[in-house]
Asks: 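Dropping the structure in here first, questions after.
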Amino acid sequence: MTTPVLTRPPETTVPNPPKHHAPARPPRLRAQRALLTITIALIVIVQVYPLLWLFLTSFRTAADFTSGSPFALPSDYTLDNYSRAFATGNLWLNILNSFIVTAGASLLIVVAGMMAAYALQVLGFRFSGAVRSLFLLGIVVPVQIALVPLFIDYSQIGLLDTHLSMIIPLAAFSLPMAVYLFSSFYEYIPRELYEAASLDGAGPYRIFAQITFPLSTNTIITVVLVNSIFIWNDFIFANTFVLSDGLKTIPLGLQNYIGAMGNTDWTATFAAVCVTVTPLLLVFLVLNKAMIQGLESGATKG
Amino acid sequence: MAELAQTGLGAGRVGQRRRRSPAPSMLPRRSGLSVAIFLVPPLLLYGVAVLLPIVQSLFLSLFSWDGITDMTFVGLDNYAKMFARDDVFWTAFGNALGYLAICLVLQLGGALAVAALLTALPRARELVKTLYLLPAIISTVAIAFLFQRIYSLDPVGPLNQLLAWVGLDGAQTAWLSNVDTVLAAVSVPEGWRFTGLYMLIVYAALIAVPRELEEAARLDGASWWQTFWRIRFPYIRPVWITTTVMATTFALRGFDIPYLLTNGGPGQSSELLTTYMYKTAFVHTDYGYASAISVFIVVECLVAVGLIYLLLRRRDDS
């Protein structure tokens, strides 16, 4: 997609060229900089345009949507789509369900992840290497393997069609990465801290509650942020295990907008999409530094 | 599982006394019981929802079962059917590889190119990173809606409109119902969605390359291109391997977008192994055969990871 551009900026890679060099070759350098900036701007526009289009379309009138050029700005801005979106579906209920599932799974991931990492990294035991690789396996295993068995198990114990039926597999499949992140952080907690606490008579439980857990705040934020994106947007588990309307999360709720009456009310659907994207988008824009850092560290360490 | 943890603990204490424990404790004093208390609950959660289903799938794949009547043991017949008698399986496998290829080009190629450009951008890097990552937070259902409209021919959607503007009217098509374009059309949204994530990771790695290395190479007369491929890229190889593993396994388990956009159609032209397995299980309720396919998907992922390490490591040695 963008590979040809790679060859363009031959010398601009030095972001801080020595100060005295700057006036020596301004025209060429400036041209290269401009070219680079334009290239990146174009790439970003292509990347973000679909979302912008989605947003603009949610304010279009239906007539404008079917007849107008897709690239033109809306001729008329309307909020009608939003009132129709709320009238057609159970948007608030869907958002509430997504909140319950995301909060429940995040809590489970954080608690279980910290406990496992504490056992593996801080307490240590003979077969910790084997247990660690057992967890690492989960990063590679695709979720599809769990669908049929869990569906059968759930239907036998009556867990089908509950919030828990989504929370359990979502938490379990995110657990390996959380265990990994927590243990690589616990590696850096200085041993002296634990030794001092031990001298004061603290056992493993008090040390966990008073030292390890309070120090984990940043990693907790990272784990929650990164996993929330995937859990909030989960489609496959919800689609497989949930049937009743009252439990539907956002991705399932959105599906109700398609073909409800033969043909789809696209502008209302896009308005519904915009509403459901908003909570995560706001969190993302407010916390994007922490989130970006989390995603970067999650992978560069993993 | 508790049993496993228990035996591990007893042995761990002995190991510590000998001071040759493979994972020494960071605490001077801790009991075996405390390890169990911390380890068993997470292992239970993981075991119930990840490990047990793997075993169950292996077991179910040896049976023929529709969920209602009695299970019949069929041995390896499900696998025999899969490899020898089922054309749809092979079509789906081929499509999955095509899907993988398109995702990898967009995600890894795109990520590397944009990350490399971004390291040279004098300002607004944070803004570019944020905007570039935006698609990753949108749900797949929303993305499927969006691309259904983008690919639309009647009314003319953005893609076909763009083609008309640049004079390629002939290339206009209903991307999702054309047998020749549908696989690419369902792969591109998946590639687009996560390219920002991989770009961030590669960018973070490129930024960490020591500047002295590059400057030394530049002083020796290396071009930007040479510096990139000889100095910076080899330096980020470990991260590149991780990124490749992530992108590959994510693409091999890709399901949502093809399922929502085309449900594998028209015909089987965008059927992936994952969508085929899903339909076998939950439309045809053939749990045995579906389990065999899902076992294959896991094996496929493990083989892919093995191959990536083998290929990228080997080149490292030479």
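In the text below, chain A, chain B and the rest are named by the order of the sequence lines, each starting its count at 1. As the structure is a computational prediction, the values presented were derived from the model and not from experiment.
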Asks: With only heavy atoms counted, which part of B:S291 is less than 4.5 Å from chain A, the side chain, the backbone, both or neither?
Replies: side chain
Asks: Please report the closest heavy-atom contact between A:L150 and B:V48, naming both atoms and the distance.
Replies: CD2-O, 4.1 Å
Asks: What part of A:I207 is in contact with chain B, defined as an atom under 4.5 angstrom from a non-hydrogen atom: side chain, backbone, both or neither?
Replies: side chain
Asks: For residues B:F38 and A:A119, report the shortest heavy-atom separation together with the two atoms involved.
Replies: CB-CB, 3.9 Å
Asks: Describe, in one word, how the ring planes of B:F145 and A:W266 are oriented to each other, choosing from parallel (under 30°), tilted (30 to 60°) and perpendicular (over 60°).
Replies: perpendicular
Asks: Which bit of B:I236 is near chain A, if near means a heavy-atom gap under 4.5 Å: side chain, backbone, both or neither?
Replies: neither
Asks: Please classify the contact of A:F284 with chain B as side chain, backbone, both or neither, using a heavy-atom distance under 4.5 Å.
Replies: side chain
Asks: Measuring heavy-atom distances to chain B, does A:E192 have an atom under 4.5 Å in its side chain, in its backbone, in both, or in neither?
Replies: neither
Asks: What part of A:A178 lies closer than 4.5 angstrom to a heavy atom of chain B: side chain, backbone, both or neither?
Replies: neither
Asks: What option among B:S294, B:P238, B:A304 has the most heavy-atom pairs under 4.5 Å with chain A?
Replies: B:S294
Asks: Is there a side-chain contact between B:F255 and A:Q144, using heavy atoms and a 4.5 Å cut-off?
Replies: yes
Asks: With only heavy atoms counted, which part of A:L147 is less than 4.5 Å from chain B, the side chain, the backbone, both or neither?
Replies: both
Asks: Are A:L51 and B:I138 close enough that some pair of their side-chain heavy atoms sits under 4.5 Å apart?
Replies: yes
Asks: Can you check side chain to side chain contact (heavy atoms under 4.5 Å, CB included) on A:T57 and B:R149, steps first, answer last?
Replies: CA-CA 11 Å; A:T57 304; B:R149 296 335 294 164; over 6 Å; no
Asks: Identify the two heavy atoms, one from A:P142 and one from B:I297, that lie closest to each other, and give their separation to 0.1 Å.
Replies: CG-CG2, 3.8 Å
Asks: Given a strict heavy-atom distance threshold of 4.5 Å, which part of B:P41 is in contact with chain A: side chain, backbone, both, or neither?
Replies: side chain
Asks: Please look at B:I54 and chain A and tell me whether the side chain, the backbone, both or neither of the residue comes under 4.5 angstrom of a heavy atom of that chain.
Replies: both
Asks: For A:Y118, is it the side chain, the backbone, both, or neither that has a heavy atom closer than 4.5 Å to a heavy atom of chain B?
Replies: side chain
Asks: Tell me, for B:V305 versus chain A, whether the close heavy atoms (under 4.5 Å) come from the side chain, the backbone, both or neither.
Replies: side chain
Asks: Would you mind checking which part of B:Q148 comes under 4.5 Å of any heavy atom in chain A, side chain (CB onward), backbone (N, CA, C, O), both or neither?
Replies: side chain
Asks: Are side-chain heavy atoms of B:L39 and A:L123 found at a separation under 4.5 Å?
Replies: no
Asks: Taking side chain as everything from C-beta outward and backbone as N, CA, C, O, which of these in A:I40 sits under 4.5 Å from a heavy atom of chain B? Side chain, backbone, both or neither.
Replies: side chain
Asks: Are side-chain heavy atoms of B:V40 and A:M115 found at a separation under 4.5 Å?
Replies: no
Asks: Indicate the atoms forming the closest heavy-atom contact of B:M26 with A:I189, along with that distance.
Replies: CE-O, 3.2 Å
Asks: Where does B:I293 contact chain A at under 4.5 Å (heavy atoms): side chain, backbone, both or neither?
Replies: neither
Asks: Sort B:W240 into side chain, backbone, both or neither according to what part of it lies under 4.5 angstrom from a heavy atom of chain A.
Replies: neither
Asks: Checking A:F135 now: which residues fulfil ring pair (Phe, Tyr, Trp, His ring centres under 6.0 Å) with it, not counting sequence neighbours?
Replies: B:Y46
Asks: Is the closest side-chain heavy-atom distance between A:I139 and B:T249 below 4.5 Å?
Replies: no
Asks: Tell me, side chain or backbone of A:I152 under 4.5 Å from chain B's heavy atoms, or both, or neither?
Replies: side chain
Asks: Need one label for A:L285: side chain, backbone, both or neither, based on atoms under 4.5 Å from any heavy atom in chain B.
Replies: side chain
Asks: Verify the neighbour count for atom CZ of A:F55: are there more than 12 heavy atoms of other residues, nucleotides or ligands below 6.0 Å?
Replies: no
Asks: Can you see which heavy atom on B:T195 is nearest to which on A:Q47, and at what distance?
Replies: CG2-NE2, 3.5 Å
Asks: So which residue, A:W232, A:Y49, A:F230, A:Y205, ends up with the most heavy-atom pairs under 4.5 Å with chain B?
Replies: A:Y205
Asks: Quick check on side chain to side chain contact (heavy atoms under 4.5 Å, CB included): which of A:V273, A:L252, A:L254 does B:V141 satisfy it with?
Replies: A:L254
Asks: Centre-to-centre under 6.0 Å for B:F282 and A:F151, is that the case here?
Replies: yes
Asks: In terms of heavy-atom proximity below 4.5 Å to chain B, should A:S228 be classed as side chain, backbone, both, or neither?
Replies: neither
Asks: With side chains defined as the heavy atoms from C-beta onward, is the minimum distance between B:L260 and A:Q255 less than 4.5 Å?
Replies: yes
Asks: For residues A:P50 and B:L146, report the shortest heavy-atom separation together with the two atoms involved.
Replies: O-CD1, 3.5 Å
Asks: Measure the shortest side-chain to side-chain distance between B:L52 and A:P149 over non-hydrogen atoms and say whether it is less than 4.5 angstrom.
Replies: no
Asks: Using non-hydrogen atoms and a 4.5 Å limit, figure out which bit of A:I236 sits close to chain B: side chain, backbone, both or neither.
Replies: both
Asks: Quick check: do A:N233 and B:D256 have side-chain heavy atoms less than 4.5 Å from each other?
Replies: no
Asks: Run A:V143 and B:V50 through side chain to side chain contact (heavy atoms under 4.5 Å, CB included) and show every step you take.
Replies: CA-CA 8 Å; A:V143 296; B:V50 180; over 6 Å; no
Asks: Non-hydrogen atoms of chain A under 4.5 Å away: do they reach the side chain of B:S139, the backbone, both or neither?
Replies: both
Asks: Can you list everything that forms a salt bridge (Lys or Arg N to Asp or Glu O under 4.0 Å) with B:E126? Sequence neighbours excluded, please.
Replies: B:K129
